[in-house]
Amino acid sequence: MALERSTLMESAVDLGPELLGSLISHTTEEGTVTIRLTELEAYVGNGVDPGSHAHRGKTKRNATMFGEPGHLYAYFTYGMHVCGNIVCAPAEQPSGLLMRGGEVVEGIDIARRRRATAKSDRDLARGPGRLAVALGIQLADNGSDLFAAPFELREGQKPQSVLSGPRTGVSGLGGSDLYPWRFWIEGDRTVSPYKRHPRSRVAVSRSRGSRRPRPP
DNA sequence: ACCTAGATTCACT
DNA sequence: GTGAATCTAGGTT
């Protein structure tokens, strides 16, 4: 079954494991870059998730999270980084998947140009800010429809094994780091290294022969 | 108007 | 592993 907007009509928490392995493309004058998503983090804004930008209701900044699913929520952070989320769930139910890591599978020369400091291709989109640069996402792209040009979101090959663990970067406030809403493909080298969590656990039954899961 | 925290990255050691 | 660089939104004066 194809990945389409209706696929995204549920919570990011449930969609996270499902969307790993999906392909996101962005076309500019330079050409098309496609990234296979290997790491995603779910955020919801219904008041139970203090780590979410939408925790305290709709603002000008987070309005995209309250819109139709399948759009891009892009925001600026740490004074220098843009991060991109795939908006999930029906409108008015803020829910999104932060794209934290991926593998460039098309347009690698374009991505290398944009990420000139990357030491290897592995690092081109390893980390949320890096992924945004490699894909060519800017703050102005906030609100863009991911199912229309210049973007494209489609299904990729299902990963064999998916793990989950506490999210990265959320302050421990409100115990928000207790939600195991970070999802990644087991063993994939393009999963972000930042603040890796010592303890991870199996998220989806898709994983076979679960030995002790290895953090990314 | 001012202040602070933040869904981070890079260059070093 | 650590520190610096950087800017925007949101809350507070």
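- In this structure, A/Tyr43 reaches the bases: a heavy-atom distance under 4.0 Å links it to at least one base atom across the strands shown.
- No side-chain donor-acceptor contact under 3.5 Å links A/Asn85 to the backbone of A/Gly96.
- Across residues 59-74 of chain A, A/Thr59, A/Arg61 each have a non-hydrogen atom less than 4.0 Å from an atom of DNA chain C (numbered order).
- A donor-acceptor pair under 3.5 Å is formed between the side chain of A/Arg115 and the backbone N or O of A/Leu124.
- Side-chain proximity of A/His53 to the nucleotides B/dA7, C/dT8, B/dT9 is greatest for B/dA7.
- Among C/dG11, C/dC7, B/dT9, the nucleotide with an atom closest to any side-chain atom of A/Arg130 is B/dT9.
- In this structure, of B/dA7, C/dT6, B/dT8, it is C/dT6 that holds the atom nearest to the side chain of A/Met80.
- Looking at A/Thr7, its side chain does come within 3.5 Å of a backbone N or O of A/Glu4 through a donor-acceptor pair.
- In this structure, A/Tyr43 has its ring center no closer than 6.0 Å to that of A/His53.
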Counting only pairs under 3.5 Å, give me each side-chain donor-acceptor contact of residues 135-149 of chain A, with atom names and distances, residues two or more places apart or in other chains.
residue, atom, partner, partner atom, Å
A/Asp141, OD2, A/Gln138, N, 2.7
A/Asn142, OD1, A/Thr64, OG1, 3.0
A/Asn142, OD1, A/Ala74, N, 3.1
A/Asn142, ND2, A/Thr64, OG1, 3.3
A/Ser144, OG, A/Asp141, O, 2.7
A/Asp145, OD1, A/Arg5, NH1, 3.3
A/Asp145, OD1, A/Arg5, NH2, 3.2
A/Asp145, OD1, A/Phe147, N, 2.8
A/Asp145, OD2, A/Arg5, NH2, 2.9

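- On a pure distance criterion of 3.5 Å, a polar donor-acceptor pair joins the side chain of A/Tyr75 and the base of B/dA7.
- Side-chain proximity of A/Tyr78 to B/dA11, B/dT9, B/dG6: nearest is B/dG6.
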